[in-house]
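Here's the structure we're looking at; comments come further down.
Below, read A as the first sequence line, B as the second, and so on, with proteins coming before strands; counting in each chain starts at 1.
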Amino acid sequence: MLARSLVATLLSIPATVAVVGALLVIVPAYNSLIMSLLLIAFPIWVLIASAAFMIPTPARSAAALITVSLIGFGVIASVKYLGWTTL
Amino acid sequence: MDNTVKASTIKTFTDVHTWTGLGAGLALFIAFYAGAITVFTHELDAWDNYGIAQSEAGDIRQANELLSEVIATQPVAGETIRLNISSPEHPGNHVMWFERLEDGDFKRHDFHLNEDGTLDTSGNTSELAGFIYALHYNLGIPTDWGLWLLGVICFIYGIALVSGVVIFIPNFVKDIFVVRPGKNKKRFWLDTHNIVGVLSLPWHIMFAWSSALLAIAIFLLAPFQLTVFKDDITSRLAPELGVVQAPEPSGIPGAMLTAGALLDIARLEVPGLEPTQLRVSNVGDSNATVRVIGKTHSEHMEPYANIVMMATDGRILSVSQPETASAGATFYRGLIALHFASFGGYLTKWLYFILGLAGAYLFYSGNLLWVESRRKRRSQQQTPASLFLARLNSGVCIGCMAGISAAFLASRGLADLADRAYFMKGAYYGVFFAAILWSFVRPVATGTRELLQACALLTAAIPILDIALLDTTPWSAAAQGHYELLTVDLMAIVAAACFWFMAAKLNKRAISGDPNSVWAAHPTSPHGTEATVASEGTQ
């Protein structure tokens, strides 16, 4: 349980930043929308961490969260590189 | 078991619920118990000030005089000062200044005007409401560390809520609203834990969420600043909330407009505004700014407006009010309003009070459940872990409640002392830590019963001290429209009765309950440390 908990709580942080960050660069850069997305970052963090416990082993859980993080940060980097966001 | 949730998932989430509950439960108990009382912070402040010479309701002319006097005579140049405007709830104009000390801490200064127009710098010694509020958000841990700790605990609390829902789903229909009292104490604690948890779940979700925003917003935003935004995220979003960067001080002295003139300008921007506070930054400088904070007649959940303007000429820098707030700002303000119950009247406050106490019960009962779940049913000898948690739960939870009652008593009993706040805080911490110590040196059942009895006596002493020390009775004060005294005293009597009842129930269980329990009069640890107090609980 310790390993699963550490994986879920720690790796859920970059995964949350990646998921919410990807949404931030995809949606139009209205301040109101940005604020709303940032506000839901906390419940998304809790849900991602909780969901990580549903994966049977810590290794798979870590792999899933790292994958989500890589995809999210990939989207952020790509959108920024292509100049599709003003953020 | 319902097939919709796998047994292995239930097992995992039960483990998660256990560690999150154990990790966060005690801190959340303090936050919720103090928070429930903090719902009535204004009323508590009125109770605490009762019997002390009250400021007379002051008009705006007096507010101008007070502000001018403070600026002219106190070393506040370049600082930020607050003028709290006289209102029926808080009569008297009042200026506050938080002086930053060399060690980074702040020293509060309070100023009033005496009847003869001279400045009263003696300050306000009434800090009970503020202290209990601080307990709510920092657990009594000094500086920002308590706030940040609570922010992290909110995350654990969030996971506890999700895991609690997951493990309750399979038995939702069967167990919802079912309480099975009887010999199986675990069943009883579980049923009541479930009912309270399910009924107040939306409220708990809101609290975990809004508390995290209030406590660790800066840490939640920082990763996005590093990875997503190239501009400063706060300068982008602050205007949405009516927060503007105050201009740098020019170094050139400048005379500010009168408080009355500034309020008139604010009312032009927000018609119907009922100003409660003026916050002046860069005092005495030509670039001084003023933030006017006040209540509007908006039907929105968060009815407060902020108007920021230059103090010297009234030029508007920013206006934030519910009617024109963006969706994002409304979302944020709504969450904050839900947290502080600032949208409703007394019915809402009482509902929050009850839900706050229910929340405290949720964490207390969660820890008791853990102890019951690990009870060795065929042996008087219980595990060290069970004994430890039973002691800690009793010491921290009852210690917190008894400590708050002691703080009430100290604040009333030492109202004439200049160091009243110091002794009030000392009373809380003294009783709190003494209770923890007591719970570890006494047998579990006996120690807990004694702590509950002490808590009942301390709480019952609140109305007695009120009647003994004040020149009026609670019912006379109520007849004159001051209900705070009577309400606090009645609540103290009810609370004291509840604590005494709990002590009696615990004593009954210690004597006639299952002897194979930490709550029996003679449980023993594997090391036999409690064997010597075998008959104490039966006395």
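- Atom OG1 in B:Thr12 sits 9.0 Å away from atom CE in A:Met54 (nearest 0.5 Å).
- Looking at B:Leu220, only its side chain comes within 4.5 Å of chain A, counting heavy atoms on both sides.
- Inspection of non-hydrogen atoms places B:Cys154, B:Phe155 of residues 146-157 of chain B under 4.5 Å from chain A.
- Contacts from residues 18-38 of chain A to chain B, taken as heavy-atom pairs separated by less than 4.5 Å, involve A:Val20, A:Gly21, A:Leu24, A:Val25, A:Ala29, A:Asn31, A:Ser32, A:Ile34, A:Met35, A:Ser36, A:Leu38 in sequence order.
- Atom CG of residue B:Asp15 and atom CG of residue A:Leu2 lie 12.5 Å apart, to the nearest 0.5 angstrom.
- Ranked by heavy-atom pairs under 4.5 Å with chain B, the first of A:Val79, A:Thr9, A:Thr85 is A:Thr9.
- If you measure heavy-atom distances from B:Ile159 to chain A, the contacts under 4.5 Å come from both the backbone and the side chain.
- One distance of note links CH2 of B:Trp19 with CZ of A:Arg4; it measures 12.5 Å at 0.5 Å rounding.
- In this structure, the portion of B:Ile233 lying under 4.5 Å from any heavy atom of chain A is its side chain and not its backbone.
- In terms of modelled atom types and a separation under 3.5 Å, the side chain of B:Trp209 and the main chain of A:Leu39 share a donor-acceptor contact.
- For chain A, no part of B:Ser163 is nearby; none of its heavy atoms comes within less than 4.5 Å.
- Of the listed residues B:Ala325, B:Ala329, B:Ser326, the one with more heavy-atom pairs under 4.5 angstrom with chain A than any other is B:Ser326.
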